[in-house]
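See below for the structure under consideration.
So that the names make sense, note that chain A is the first sequence line, chain B the second, and so on, each numbered from 1.
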Amino acid sequence: MRDKRDYLLQEQEDATMLNFTSEIVKSVADTGLIEAAEAEALLVTPPKEDMGDYALPCFTLAKRLRKNPAAIAAEIAEKIAPSELIVRVETQGAYLNFFVNRTAFVRQCFSEISDDSKDFGATDHGRGKTVVIDYSSPNIAKEFRVFHLRTTVLGHALYNIFRALGYKVVSVNHLGDWGTQFGVVIAAFKEKGDREALDHEPLKYLTQLYVDYNRRMAEDESLRETARGWLRKLEDGDEEAHELWRLFCDLSIKDFKRVYLRLGIEFDHYLGESFYFRFTDEIIRKAQADGVAVESQGAIVIKMDDEDIPPVILRKSDGATGYHTRDIAAAIWRHENFGFDKMLYVVGAEQKLYFRQLIEALEKLGHGWAKNLEHVAHGLYLDTREVDGVQVRAKAGTRSGFKVILEDIIDDAVARAERVIDENYPNGFPGDKKQAAEAIGIGAIVFGDLKNGRIKDVVFDWETVLNFKGESGPYLQYSHARLCSILGKYGGAVEREVDFALLDDPEEFAIARLAADLPRILLRTAEACEPSVLCSYLVALAGAFNKYYTDISRHKVVDPANPARTKARVLMVDCVRRVLGKGLKILGISPMEKM
RNA sequence: GCACCCUUAGCUCAAUGGAUAGAGCGUUGGCCUCCGGAGCCAAAGGUUGAAGGUUCGAGUCCUUCAGGGUGCGCCA
């Protein structure tokens, strides 16, 4: 028995990482100068390692106690006796700095992470709760463009995060498969449609038809009328219109699924707007009967409390239903069928007003649960281009002439990954090169998107996306592959009972602190619906390990001359690998074992 | 015109109201006899758009202004 304190800790089988913070909170609360809850909220990590492991700023106490904050800190410090977990308390000005028992910390951290009976990072935060996530939701008959990447990748990451936190998660792809655009596409196809071209590249061809007809429609009112006519026929159940619509939908979904498959995304439900059309008549009838909806300028609308906000249009003056009507029906149907506690709409920030209207309309219709709907707004992809010699930013879209097909971007990133593999493996890659390139290219694109704060507009920059160095998906994947490689070099099974006192290097403690943070990071990510939090965390973790690893003279992991230390370090490597791998999977990126 | 969002290093972005504002890219200079160089280290780069205010403490909260973006009844 090397250290009695370690023995004591071993008996606390269900100890969690939070023990360290709760011990600190308890010790300061015991002084009677501050409440436990307040202390917990104030607890921070010092900016520099030598200042301590946890810190409590005492400024807020100064006013209440009418004393100099530095004096208060000193007073508290004096009353705290060292314990098994907290070995020392120091003051620096008004800051109270705590130093933990690092061996105990490292033991607890790595024991928990390596415990296969527990899913480290997972919590029961969402047990018994259901969250519905509405994301991606592309429009039928329109190409899947780079703009869709944000909602698709964000929604998928949120899906994984909420699931990790114990929620029941239902993903819904609210396909844009109804509305005026179908009048346009059917009219265009009837006019000069080519079945062969359609079968060859459905989305590309349908988009062409749409763009072309749309442009001519702006100048020719009769074309507009024809399109409106086809939409009416579609809504009235006309057989020919319905048949064409079905064909366009089937071909489009097939194209979308090919992209989703590459991104590793599956939806629990593909329920487009057309599915909810059957409920809209009843909703409108009831809204009118209840006096919630009124006639206005030939349309049937729900007026908003704030007169400056335009009303929700349930039925347009031409008799067709609106986008809002189908979303109202969708929300009600989902509430009846999924019984959600929360529903997230992962949709661009430009639709903020739209969702505010939707929620208010649902509340007016008597659905109190509408307060559980949240618009998880994200920024736009912007394109930079020169106009009259100046760089301007503009929304990337078909109309502006900037057209980037998502699949083309994926292909380019994958091709780039393949080139890098060829450079690094002149004698051939030991494994499935195509598969590796696919995972790396997609990792680059997915991470390149998610690392941005979601509300920020993203300027699409090839240089950044295709640069696999630095803060990138491939950097994290590479770090993971290297961790795997070290374990492969070690060869044996990872042992969990090791001499933790041998992990006494400050860098090892820093790695443990980061690794131990995963559960807290996942909670923060979910609460803010902000996967960029998890992204920064993973970069910090990988960076801490890469730094440690590079100093081979001091930190050689596998060292036959020192078997006991090797075992301890191998456990640490395995734990970092587990945390990094878990984080990457949540983001929707493949953790590579070799690349 | 009105509403909402954004503005941090040359570029792209970080920073639960807390200590000296951090990364990456790019630039310059280092580091493979040894577990994978898609890595690591270092240098240079800042009046956090401007001015007030709240606070013990503001990149962060409030007000005004400037610049940019987005939206504003029958597109989805």
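- Per the geometry, CD belonging to Gln357(A) stands 12 Å off C1' belonging to C74(B), to the nearest Å.
- Between the OH atom of Tyr354(A) and the C1' atom of C74(B) there is a distance of 13 Å, rounded to whole Å.
- Distances shown here put every side-chain N or O of Tyr276(A) at or beyond 4.0 Å from the OP1 or OP2 atom of A76(B).
- Of the charged side-chain nitrogens involved, at least one lies within less than 4.0 Å of a carboxylate oxygen, so that Glu508(A) and Arg569(A) count as a salt-bridged pair.
- Atom CG in Asn139(A) sits roughly 10 Å away from atom C1' in C75(B) (whole-Å rounding).
- For Tyr135(A), the ring pair (Phe, Tyr, Trp, His ring centres under 6.0 Å) partners at least two apart in sequence or on another chain are Phe267(A).
- Here Gly453(A) lies in heavy-atom contact (under 4.0 Å) with sugar-phosphate atoms only.
- With sequence neighbours excluded, no residue forms a side chain to side chain contact (heavy atoms under 4.5 Å, CB included) with Glu295(A).
- A donor-acceptor pair shorter than 3.5 Å cannot be found between the side chains of Asp559(A) and Thr566(A).
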_Candidate pair Thr280(A) and Arg326(A), rule side chain to side chain donor-acceptor pair (under 3.5 Å), full reasoning_ = CA-CA 7 Å; Thr280(A) 52; Arg326(A) 298 187 288 274; over 6 Å; no

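- Rounded to the nearest Å, the gap between the P atom of G46(B) and that of C41(B) is 22 Å.
- Distance CG (Asp457(A)) to P (U12(B)): 12 Å, rounded to an integer number of Å.
- Place Val558(A) and Pro474(A) on RNA chain B by their nearest nucleotides, and Val558(A) ends up nearer the 5' end.
- For the P atoms, the distance linking U27(B) with C65(B) amounts to 43 Å, nearest Å.
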Between the protein and nucleotides 28-34 of chain B, are there any N/O to N/O pairs under 3.5 Å, and if so, what are the atom names and distances?
residue : atom : partner   : partner atom : Å
C34(B)  : O2'  : Lys556(A) : NZ           : 3.1

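- Ring geometry, His378(A) versus Phe147(A): the interplanar angle falls from 30° to 60°, so the pair is classed tilted.
- For Phe468(A) and G24(B), the CZ to P distance is 19 Å, given to the nearest whole Å.
- Rounded to whole Å, the separation between the P atoms of G37(B) and A43(B) comes to 23 Å.
- A salt bridge between Glu221(A) and Arg224(A) is present, with a side-chain N of the basic residue lying under 4.0 Å from a carboxylate O of the acidic one.
- The pairing partner recorded for C61(B) is G53(B), the criterion being a Watson-Crick or G-U wobble arrangement whose two distances lie under 3.5 angstrom.
- Using C1' as the reference atom, A14(B) and A9(B) are 13 Å apart when rounded to the nearest Å.
- Using a 4.0 Å heavy-atom cutoff across all strands shown, Phe182(A) reaches no nucleic acid atom at all.
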Pick out the pairs of N or O atoms, protein on one side and nucleotides 3-5 of chain B on the other, that lie under 3.5 Å.
residue : atom : partner   : partner atom : Å
C4(B)   : O2'  : Lys352(A) : NZ           : 3.4

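- Relative ring orientation between His324(A) and Tyr354(A) is described as parallel, the plane-to-plane angle staying below 30° on a 0-90° scale split at 30° and 60°.
- When heavy atoms are screened at a 4.0 angstrom cut-off, Asn424(A) is found touching base atoms of the nucleic acid.
- Taking atom CZ of Arg577(A) as the reference point, atom C1' of C35(B) lies 16 Å away to the nearest angstrom.
- Of all nucleotides present, only U12(B) satisfies the Watson-Crick or G-U wobble test against A23(B), with each distance under 3.5 Å.
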Could you pull out the protein-nucleic contacts involving nucleotides 18-22 of chain B (nitrogen or oxygen on both sides, under 3.5 Å)?
residue : atom : partner  : partner atom : Å
G18(B)  : O2'  : Tyr95(A) : OH           : 2.3
A19(B)  : N6   : Asn97(A) : OD1          : 3.3

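- Contacts of Asp306(A) classified as side chain to side chain contact (heavy atoms under 4.5 Å, CB included), with partners at least two apart in sequence or in another chain: Asp308(A), Ile309(A), Arg356(A).
- Using a cutoff of 4.0 Å between basic side-chain nitrogens and carboxylate oxygens, Glu235(A) and Arg232(A) are not scored as salt-bridged.
- Within 4.0 Å of Gln351(A), counting heavy atoms only, lies at least one base atom of the nucleic acid.
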Check: protein-nucleotides 58-63 of chain B nitrogen or oxygen pairs below 3.5 Å:
none

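- For residues 297-325 of chain A, proximity to RNA chain B is found at Gln297(A), Ala299(A), Val301(A), Pro310(A), Pro311(A), Ile313(A), Lys316(A), Ser317(A), Tyr323(A), defined as any non-hydrogen atom under 4.0 angstrom from a strand atom.
- Closest to the side chain of Asn452(A), out of C13(B), C35(B), A38(B), is C13(B).
- Here the options are Tyr323(A), Phe275(A), Tyr276(A), the test is ring pair (Phe, Tyr, Trp, His ring centres under 6.0 Å), and the partner is His174(A); only Tyr276(A) passes.
- Residue Ser485(A) places none of its side-chain N or O atoms closer than 4.0 Å to OP1 or OP2 of C35(B).
- Remark: the Ser479(A) side chain and the G39(B) base include no donor-acceptor N/O pair separated by less than 3.5 Å.
- Side-chain atoms of Tyr549(A) stay outside donor-acceptor range of the base of G37(B), with no qualifying N/O pair under 3.5 Å.
- Within 4.0 Å (heavy atoms only), Ile421(A) reaches at least one base atom of the nucleic acid.
- Note: CD (Glu350(A)) to P (U70(B)) measures 9 Å, nearest angstrom.
- Among the atoms of the strands shown, none is found under 4.0 Å from any heavy atom of Ile140(A).
- U12(B) and U8(B): their P atoms are spaced 8 Å apart (whole Å).
- The side chain of Lys456(A) sits closest to U7(B) out of C35(B), C41(B), U7(B).
- Closest contact between the side chain of Leu380(A) and the listed nucleotides G69(B), C25(B), C35(B) involves G69(B).
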Show me the donor-acceptor pairs, under 3.5 Å and distance only, between side chains in residues 549-556 of chain A and residues at least two apart or in other chains.
residue   : atom : partner   : partner atom : Å
Thr550(A) : OG1  : Asn546(A) : O            : 2.6
Asp551(A) : OD1  : Ser553(A) : OG           : 3.0
Asp551(A) : OD2  : Arg554(A) : NH1          : 3.0
Arg554(A) : NH2  : Asp505(A) : OD2          : 3.0
His555(A) : ND1  : Tyr548(A) : O            : 2.9
His555(A) : NE2  : Asp505(A) : OD2          : 2.9

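- Under the Watson-Crick and G-U wobble criteria, each requiring two contacts below 3.5 Å, nucleotide C4(B) is paired to G69(B).
- Look at CG on Asp551(A): it is 15 Å from P on C35(B), rounded to the nearest Å.
- By the ring pair (Phe, Tyr, Trp, His ring centres under 6.0 Å) test, Phe99(A) pairs with no residue at all, sequence neighbours left out.
- Remark: Phe429(A) pairs with Tyr425(A) by the ring pair (Phe, Tyr, Trp, His ring centres under 6.0 Å) rule, at least two apart or across chains.
- Residue Gly176(A) is out of contact with every strand shown, counting any heavy-atom pair closer than 4.0 Å.
- Taking atom P in both C13(B) and G49(B), one finds a spacing of 14 Å when rounded to whole Å.
- Legend: residues meeting side chain to side chain donor-acceptor pair (under 3.5 Å) with Lys433(A), ordered by chain and number and at least two apart, are Asp422(A).
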